[in-house]
Amino acid sequence: AQSVSQHNHHVILSEAASLELGCNYSYGGTVNLFWYVQYPGQHLQLLLKYFSGDPLVKGIKGFEAEFIKSKFSFNLRKPSVQWSDTAEYFCAALTGGGNKLTFGTGTQLKVEL
Amino acid sequence: DTGVSQDPRHKITKRGQNVTFRCDPISEHNRLYWYRQTLGQGPEFLTYFQNEAQLEKSRLLSDRFSAERPKGSFSTLEIQRTEQGDSAMYLCASSFSLAGGTWEQYFGPGTRLTVT
């Protein structure tokens, strides 16, 4: 079965620190990948997506992610985090013929001033 | 706001009662999805509709769960004879899909169900 793994469950950073959140997927076919963010008290919002083409994708709020097919990875990065980036981040893969999202367990990021 | 809306936002019910949730997708979206999220986990797929047709159901969706999308617009998710294990956040999402094309899913705020 397809699965998505996020290895960092809780991350605490100081403002201006660099961020990298890991995401690995297990699926041998064509896969579309996403990062969603959930700010406190808000609903899931799309940060960025990879469908095809350039493996380095840029999203909103300065986030980017790199699709590395050989490593089955889609890590999320941001060079300098802000306090307002405190949120839960979910990696997801569109599987089942594009019919459903399979999510990782999420990474809770806390950015301290 | 033209995003996905869900009603109610919170529901507390006693074990054994039936509950029904509603989801209104983004108007031009032909696909509608239901997910369930429990504490410390990511959302898990339950079922999805293309227009009014329910095309896939997860093994998580027991016989006590039923979902409908009668006119291809809003959808309802009903849970009969609720159990404490049904306590979770129920999320609805919608997307637009065309043959050969895949678009991202937009999520609603969810309905938090607590079964006492």
Side-chain angles (χ1 to χ4, degrees), chain A residues 1-10 21-25 27 29-53 57 59-60 65 74 76 87-109, chain B residues 1 3-7 9-10 23-26 29-51 53-61 67 88-112:
Chain A
Q2 299 88 355
S3 66
V4 175
S5 301
Q6 293 181 244
H7 307 296
N8 316 102
H9 299 296
H10 291 89
L21 300 182
C23 172
N24 289 92
Y25 64 93
Y27 186 65
T30 300
V31 63
N32 303 128
L33 297 162
F34 305 81
W35 277 96
Y36 281 86
V37 61
Q38 189 165 27
Y39 297 103
Q42 297 188 28
H43 59 277
L44 280 166
Q45 300 172 39
L46 182 67
L47 259 185
L48 49 79
K49 61 190 178 190
Y50 173 78
F51 284 174
S52 63
V57 293
I60 59 171
F74 189 57
L76 181 70
E88 189 156 22
Y89 293 80
F90 292 94
C91 182
L94 193 65
T95 58
N99 299 329
K100 61 184 178 183
L101 285 169
T102 299
F103 284 85
T105 53
T107 297
Q108 188 70 49
L109 171 67
Chain B
D1 191 330
V4 178
S5 62
Q6 293 186 246
D7 183 69
R9 296 289 303 276
H10 303 273
C23 170
D24 287 88
I26 293 171
H29 285 179
N30 57 352
R31 282 198 175 181
L32 187 148
Y33 309 79
W34 286 98
Y35 292 84
R36 181 171 68 187
Q37 186 177 19
T38 54
L39 202 62
Q41 300 296 318
E44 295 175 292
F45 171 81
L46 292 178
T47 187
Y48 91 96
F49 294 82
Q50 174 124 348
N51 301 312
Q54 188 174 17
L55 298 184
E56 186 174 346
K57 292 194 291 186
S58 163
R59 289 172 296 174
L60 294 174
L61 215 63
M89 178 75 86
Y90 290 84
L91 298 170
C92 177
S94 70
S95 73
F96 182 72
S97 178
L98 196 62
T102 303
W103 281 262
E104 58 267 28
Q105 296 178 25
Y106 293 85
F107 283 80
T111 295
R112 183 169 295 284

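Because only heavy atoms are used, hydrogens play no part in the values below, and waters and symmetry mates are left out as well, while side chains stay in. Worth saying up front: this structure is predicted, and the values here are computed from it rather than measured. Below, read A as the first sequence line, B as the second, and so on, with proteins coming before strands; counting in each chain starts at 1.
Only the side chain of A:L46 comes within contact range of chain B, with heavy atoms under 4.5 Å apart. Neither the backbone nor the side chain of B:L55 comes within less than 4.5 Å of any heavy atom of chain A. Neither the backbone nor the side chain of A:Q6 comes within less than 4.5 Å of any heavy atom of chain B.
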Between side-chain atoms of residues 36-46 of chain B and protein atoms elsewhere (two or more places apart, or another chain), which donor-acceptor pairs fall under 3.5 Å?
residue, atom, partner, partner atom, Å
B:Q37, NE2, B:Q41, O, 3.1

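We find the CZ-CZ distance between A:F34 and A:F103 to be 9.0 Å, quoted to the nearest 0.5 Å.
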request  = Take B:Y48 and B:Q50, measure what side-chain hydrogen bond (donor to acceptor under 3.5 Å, both in side chains) needs, and give me the verdict at the end.
outcome  = CA-CA 7 Å; B:Y48 91 96; B:Q50 174 124 348; 5.2 Å; no
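Highest contact tally toward chain B, considering only A:L101, A:V4, A:L44, is held by A:L101 [criterion: heavy-atom pairs under 4.5 Å]. Among A:K49, A:Q108, A:E88, the residue making the largest number of heavy-atom pairs under 4.5 Å with chain B is A:K49.
Ring orientation note: the planes of B:Y35 and B:F107 are tilted relative to one another, at an angle of 30° to 60°.
Between the side chain of B:Q6 and the backbone N or O of B:Y90 there is at least one donor-acceptor pair closer than 3.5 Å.
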